[in-house]
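In this chain, residues are counted from 1 in sequence order. What you see is a predicted model, and the numbers here were worked out from it, not measured in a lab.
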Amino acid sequence: MEQMPKSVRRQCGTWYSVLSTGYFAAARWLLLLFALPGCDRDESSIGRIEAVWGRQGISDGRFQTPRAIAIGRDDLLYIVDKTARIQVFKTDGTFLRGWSTPDHANGKPTGLSFDRDGNLMVADTHYFQVLIYSPQGKLLRTLGGKKGEKPGEFGFVTGAAQDSQGNLYVSEYGEYDRIQKFMPDGRRCLLQWGGHGSAPGQFVRPQKIVFDADDHLWVTDAGNHRIQVFDTAGKLLKSWGVQGSKPGELYYPYDIVLAPQDTLYVCEYGNHRIQKFTRDGRSLGCWGHEGRGDGELFNPWGLVRDREGRLYVLDTGNNRVQCVTNDE
């Protein structure tokens, strides 16, 4: 079973609403980020909220505890929830299409990402595999499917990523807490590293993996409340983050977005916020706090960034998406 952290209140920053006109309109909210005493950030505003959309339910366009979000080349949003549905939306929340994973009685997917060909990789967590779909929802192939600790077998899969050479990397938690590297066709495991623990290079639930332009693999080591970065041979390049709720600290980081100007954004499940960092781990600001209102978050799982720099936060506990205009 998945272990979820207790909710904690954010101690840094808050949103102040200037104008609100409801959940479903294309109307905009202007909310500015103000820093409370002790909240270090740069002089530029982190952003302003643009829209909030989504509500709880099982019909098309609604969510039942959404747990992962990815964005395609065409800026369409792909979201999976605890009904095992993958739904596709325009960035304004318009529902386009959806489908379900083949089997989900044992559990639902917890990760989404795109490969270099534009196909959707689904971390089918409780079936120990990665499902690879076309953007239209056609199942193209499957990687894994057998539980175990041998190369090519998996524990609970959380994510997948692809390097510049096409090699596939899969993260998993549970007994093994590791990352495996495969050939582009997925037929042979080339390398594995990690292991359960808190030592450098080990993991406690590596939740999201993503490559930067230098082929460095960034890992949200959620249970250790830190970010770790590796090369394609599994060598640890850097690690930063400590548990806490102050600026610069992390509490269950579940997702990460690499942004321009050597910055990044981390989605913190436990702190109910998004935090902006330099790539060496210096906090540039934090926003969001526990709540149900517009501009508030409750256990967010995911984060993506579109071509215009807007951020889309998967506000899981509130069964919705919040769109933030980024000032970068």
Modelled atom types, side-chain donor and acceptor of Gln64 and Asp81, under 3.5 Å
no

Please say whether more than 12 non-hydrogen atoms of neighbouring residues, nucleotides or ligands are located less than 6.0 Å from CG in Leu237.
yes

Evaluate Asp221 against Ile227 for side chain to side chain contact (heavy atoms under 4.5 Å, CB included), listing each step before the verdict.
CA-CA 6 Å; Asp221 187 7; Ile227 306 297; over 6 Å; no

Salt-bridge test for Lys235 and Asp231: reply yes if a basic N is under 4.0 Å from a carboxylate O, no otherwise.
no

Distance in Å, Glu50 CD paired with Thr91 OG1, rounded so as to fall on 0.5 Å steps:
8.0 Å

If the condition is side chain to side chain contact (heavy atoms under 4.5 Å, CB included), which residues does Asp280 pass it with, not counting sequence neighbours?
Thr278, Arg282

Kindly work out whether a path of hydrophobic side-chain contacts (I/L/V/M/F/W/Y, heavy atoms less than 4.5 Å apart) joins Val266 to Trp218.
yes

Flag for Thr232-Asp163: side-chain donor and acceptor within less than 3.5 Å
no

Mind listing the side-chain donor-acceptor pairs of residues 136-149 below 3.5 Å, one per line with the distance, residues two or more places apart or on another chain?
{"unit_1": "Arg141", "atom_1": "NH1", "unit_2": "Asp185", "atom_2": "O", "d": "3.2"}
{"unit_1": "Arg141", "atom_1": "NH2", "unit_2": "Pro184", "atom_2": "O", "d": "3.4"}
{"unit_1": "Lys146", "atom_1": "NZ", "unit_2": "Glu153", "atom_2": "OE2", "d": "3.4"}

Interatomic distance, CD1@Ile209 vs OG1@Thr220, rounded to 0.5 Å, equals 9.0 Å

Separation of Arg116 CZ from Gln162 CD (nearest 0.5 Å):
6.5 Å

Taking Pro109's backbone N and O only, do any of them form a donor-acceptor pair with Lys82's side chain (distance below 3.5 Å, no angle check)?
no

Hydrophobic cluster membership, with links at side-chain heavy-atom distances under 4.5 Å among I/L/V/M/F/W/Y: are Val229 and Phe277 in one?
yes

Which pair of non-hydrogen atoms, one from Ser198 and one from Arg226, has the smallest distance, and what is that distance?
O-NH1, 3.0 Å

Group every Ile, Leu, Val, Met, Phe, Trp and Tyr by side-chain heavy-atom contacts under 4.5 Å, then state whether Val122 and Phe114 land in the same group.
yes

Stepwise, does the side chain to side chain contact (heavy atoms under 4.5 Å, CB included) test hold for Glu296 with Glu290?
CA-CA 6 Å; Glu296 297 176 328; Glu290 181 181 358; over 6 Å; no

Out of curiosity, Cys286 SG to Arg273 CZ, how far, rounded to the nearest 0.5 Å?
5.0 Å

Checking Gln87 side chain against Gly61 main chain: does a donor-acceptor pair fall under 3.5 Å?
yes

With under 30° as parallel and over 60° as perpendicular, where do the rings of Tyr269 and Tyr252 fit, or are they tilted in between?
perpendicular

Main-chain N/O of Gly152 paired to Arg188 side chain as donor or acceptor, under 3.5 Å
no

Asn224 side chain vs Gly197 backbone, donor-acceptor pair below 3.5 Å:
yes

Distance alone, cut at 3.5 Å: any donor-acceptor contact between the side chains of Tyr127 and Asp103?
no

Will you find, in the side chains of Arg292 and Asn318, an N or O donor that is under 3.5 Å from an N or O acceptor?
yes

Going by distance alone, is a donor N or O of one side chain under 3.5 Å from an acceptor N or O of the other, for Gln207 and Thr158?
no

Heavy-atom donor-acceptor pair, Thr316 side chain to Thr65 backbone, under 3.5 Å
no

We want to know whether Glu249 and Gln243 form a side-chain donor-acceptor pair, criterion being a heavy-atom distance below 3.5 angstrom.
no

Nearest heavy-atom neighbours spanning Leu297 and Gly288:
CD1-CA, 4.2 Å

Please confirm whether the ring centroid of His196 lies under 6.0 Å from the ring centroid of Tyr176.
no

Atom NZ of Lys90 with >12 non-hydrogen neighbours under 6.0 angstrom:
no

With side chain to side chain contact (heavy atoms under 4.5 Å, CB included) as the test, pick out the partner of Thr110 among Trp301, Tyr254, Phe156.
Trp301

Tell me if the centroids of the rings in Phe182 and Phe154 come within less than 6.0 Å of each other.
yes

ILVMFWY network linking Val219 to Val257, side-chain heavy atoms under 4.5 angstrom:
no

How are the rings of Trp99 and Tyr78 set relative to one another: parallel (under 30°), tilted (30 to 60°) or perpendicular (over 60°)?
perpendicular

Go through the steps for Phe230 and Phe203 under the test ring pair (Phe, Tyr, Trp, His ring centres under 6.0 Å), then give the verdict.
CA-CA 13 Å; Phe230 301 86; Phe203 305 108; 5.7 Å; yes

Under a 3.5 Å distance rule, please check whether Asp255 uses its side chain to pair with a backbone N or O of Tyr265 as donor and acceptor.
no

Mind checking whether Trp53 and Phe89 have parallel, tilted or perpendicular rings, split at 30° and 60°?
tilted

Are the side chain of Arg320 and the backbone N or O of Val313 linked by a donor-acceptor pair below 3.5 Å?
no

With distance as the sole test, does Glu268 use its side chain to make a donor-acceptor pair with the main-chain N or O of Tyr251 at under 3.5 Å?
yes

